Amino acid sequence: MNHFKAWNHILIQGVLALFLGLSCATVQAEEEVKLDKAPVDTSNLPSLQRGAQHFMNYCMNCHSAHLARFDLLEQLGLSEKQVKQNLILTDVKVADYMSVVLKAKDAQNWFGVPPPDLTVEARVRGADWLYTYLRSFYRDDQRPSGWNNRVFPNVAMPHVLWALQGQQMLQGKGGGAVLVLTQKGSLSPQEYDRFVGDLVNFLVFMSEPTRSARLHLGLWVMGFLLILFLVARALKREFWKDIH
């Protein structure tokens with residue numbers, strides 16, 4: 001019975017994820033917001049290390065990644081000591097999950113909706129969506145947080161990176177609306193794009209850490225099957241030549 005409940009819960013979560021993905025696609029189609037190409041390269045270890053640092057410093061105040069452990073960061077070329085000293089900001093252990101102390105009930109009261117877990121967010125939303133979203137916040141005094149987003153209209157999340165990017169305003173209406181930087185942040189637009197690119201690169205890696213190994217193994221398997229096919233084809237010709 002417990003196993004049935006567990007599988008039923010997993011099925012429900014999968015359906016919800018599919019529904020959210022379809023809803024996001026619908027919003028994108030309605031708003032006709034062009035998504036920018038995210039500079040994703042999960043073989044770029046320096047970029048992944050910077051992205052992990054950005055994630056710990058700016059995202060894990062509210063968002064968790066409870067399907068991943070901190071020792072995942074050791075796959076980025078970091079030692080356990082480096083992970084403890086530079087990336088773990090609390091007293092948790094390296095083998096612990098990336099959870100936050102923020103309770104869902106408190107988040108519901110403060111933001112209107114609990115911040116989503118980000119473990120597989122890159123697979124749900126897509127890297128291009130995340131990259132464009134984090135660069136599309138603008139000032140909107142009509143919103144409770146004072147911020148809105150071109151990609152995700154009326155989003156509950158405030159622009160937590162505004163001190164880095166600066167403040168943008170949405171000028172124009174409909175498909176002709178553009179975002180204009182009206183107040184500079186501590187980073188230049190190019191530096192902020194790189195900051196967001198590194199963060200999204202890490203989110204992509206975290207959503208599927210074995211992707212590179214899977215693709216590498218897949219190439220070997222395809223090569224083996226190709227060789228096996230050629231051998232089988234040669235054997236077929238040898239066996240059937242006397243019949244013809």
Side-chain angles (χ1 to χ4, degrees), residues 17 20-65 67-68 72-73 76 98 115-140 145 147-171 175 177-181 184-209 211-212 215:
L20 288 174
L22 292 175
S23 299
C24 293
T26 303
V27 169
Q28 292 175 17
E30 292 175 351
E31 296 296 327
E32 296 183 353
V33 176
K34 182 177 182 295
L35 300 181
D36 298 325
K37 183 66 176 178
V40 173
D41 180 8
T42 54
S43 64
N44 187 342
L45 292 183
S47 172
L48 291 176
Q49 292 172 5
R50 292 191 299 267
Q53 187 177 35
H54 301 335
F55 179 79
M56 299 302 167
N57 289 335
Y58 293 94
C59 300
M60 279 202 68
N61 295 318
C62 299
H63 296 275
S64 64
L67 298 179
L72 174 68
L73 303 174
L76 307 182
M98 298 183 189
D117 183 89
L118 298 182
T119 313
V120 294
E121 191 71 7
R123 300 190 68 179
V124 175
R125 299 285 191 178
D128 295 346
W129 191 94
L130 290 173
Y131 181 66
T132 309
Y133 165 75
L134 292 173
R135 296 159 54 248
S136 298
F137 278 93
Y138 63 91
R139 290 294 300 175
D140 185 354
S145 67
W147 297 96
N148 209 327
N149 193 282
R150 183 85 190 280
V151 177
F152 195 152
N154 300 325
V155 65
M157 174 181 166
H159 188 16
V160 296
L161 303 176
W162 74 268
L164 302 178
Q165 183 187 26
Q167 296 188 25
Q168 298 186 123
M169 296 294 293
L170 185 65
Q171 296 184 358
V178 294
L179 294 173
V180 178
L181 185 66
K184 295 182 179 180
S186 60
L187 301 179
S188 68
Q190 295 76 17
E191 290 172 336
Y192 182 74
D193 287 349
R194 180 188 176 190
F195 178 98
V196 174
D198 291 336
L199 175 57
V200 171
N201 198 26
F202 173 73
L203 290 174
V204 171
F205 164 79
M206 181 171 62
S207 67
E208 192 178 1
R211 182 175 184 273
S212 297
L215 293 176

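Here the structure is a predicted model, which is why all the values come from computation and not from measurement.
- Between Phe202 and Phe55, the ring-plane angle classifies as tilted under the 30° and 60° cut-offs.
- Closest approach of Asp198 to His54, counting heavy atoms only: CB-CD2, 4.1 Å.
- We find the CZ-CD distance between Arg139 and Gln167 to be 5.0 Å, quoted to the nearest 0.5 Å.
- Under the 4.5 Å side-chain criterion, counting only non-hydrogen atoms from C-beta, Met98 is in contact with Met60.
- Of all heavy-atom pairs between Ala127 and Val204, the closest is CB-CG2, 3.7 Å.
- Using a 4.5 Å cut-off on side-chain heavy atoms (C-beta onward), Lys37 and Asp128 make contact.
- Between Pro46 and Asn44 there is a side-chain heavy-atom pair separated by less than 4.5 Å.
- Figure legend: cation-pi geometry between Arg135 and Tyr131, with NZ or CZ positioned under 6.0 Å from the six-membered ring centre and within 45° of its axis.
- Evaluation of the side chain to side chain contact (heavy atoms under 4.5 Å, CB included) rule for Ser136 yields Thr132, Asn149, Arg150, Val151, Leu179 as partners, not counting sequence neighbours.
- Taking 4.5 Å as the limit, every side-chain heavy atom of Phe137 sits out of range of all side-chain heavy atoms of Leu161.
- Annotation: Arg194, atom CZ; neighbour count of heavy atoms from other residues, nucleotides and ligands within 6.0 Å does not exceed 12.
- Side chains of Pro158 and Val160 form a contact here, defined as non-hydrogen atoms less than 4.5 Å apart.
- Going from atom CG of Leu48 over to atom CD of Gln53 covers 13.0 Å, rounded to the nearest 0.5 Å.
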Is there a side-chain contact (heavy atoms from CB on, under 4.5 Å) between Tyr192 and Gln165 once you walk through the steps? CA-CA 6 Å; Tyr192 182 74; Gln165 183 187 26; 3.5 Å; yes
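- Residues Leu181 and Pro189 share a closest heavy-atom pair of CD2-CG, 4.3 Å.
- No side-chain donor-acceptor contact under 3.5 Å links Asn148 to the backbone of Asp140.
- Looking at Val180 and Tyr138, their side chains never come closer than 4.5 Å, going by heavy atoms from C-beta outward.
- When side chains are defined from C-beta on, Leu203 does not count as touching Glu121, because their heavy atoms never get closer than 4.5 Å.
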Given the rule in the side-chain contact (heavy atoms from CB on, under 4.5 Å) test, do Tyr58 and Leu164 qualify, once you have shown the distances and angles that lead to the verdict? CA-CA 11 Å; Tyr58 293 94; Leu164 302 178; 3.8 Å; yes
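- The aromatic rings of His159 and Trp147 lie perpendicular to each other, with more than 60° between the two planes, well past the 30° mark.
- Between Pro209 and Ser207, the closest heavy-atom pair is CD-C, 4.0 Å.
- Considering all non-hydrogen atoms of both residues, Ser64 and Asp117 come closest at OG-OD1, 2.8 Å.
- Pairing each heavy atom of Glu191 with each of Ser186, the nearest pair is OE1-O, 4.4 Å.
- For the side-chain hydrogen bond (donor to acceptor under 3.5 Å, both in side chains) with Ser47, the qualifying choice from Asn201, Thr42, Asp41 is Asn201, the only one to do so.
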One pair to check against side-chain contact (heavy atoms from CB on, under 4.5 Å): Leu73 and Leu76. What are the steps and the verdict? CA-CA 5 Å; Leu73 303 174; Leu76 307 182; 4.1 Å; yes
Output, in order, the C-alpha distance, side-chain angles, deciding distance and verdict of side-chain contact (heavy atoms from CB on, under 4.5 Å) for Cys59 and Leu118. CA-CA 9 Å; Cys59 300; Leu118 298 182; 4.3 Å; yes
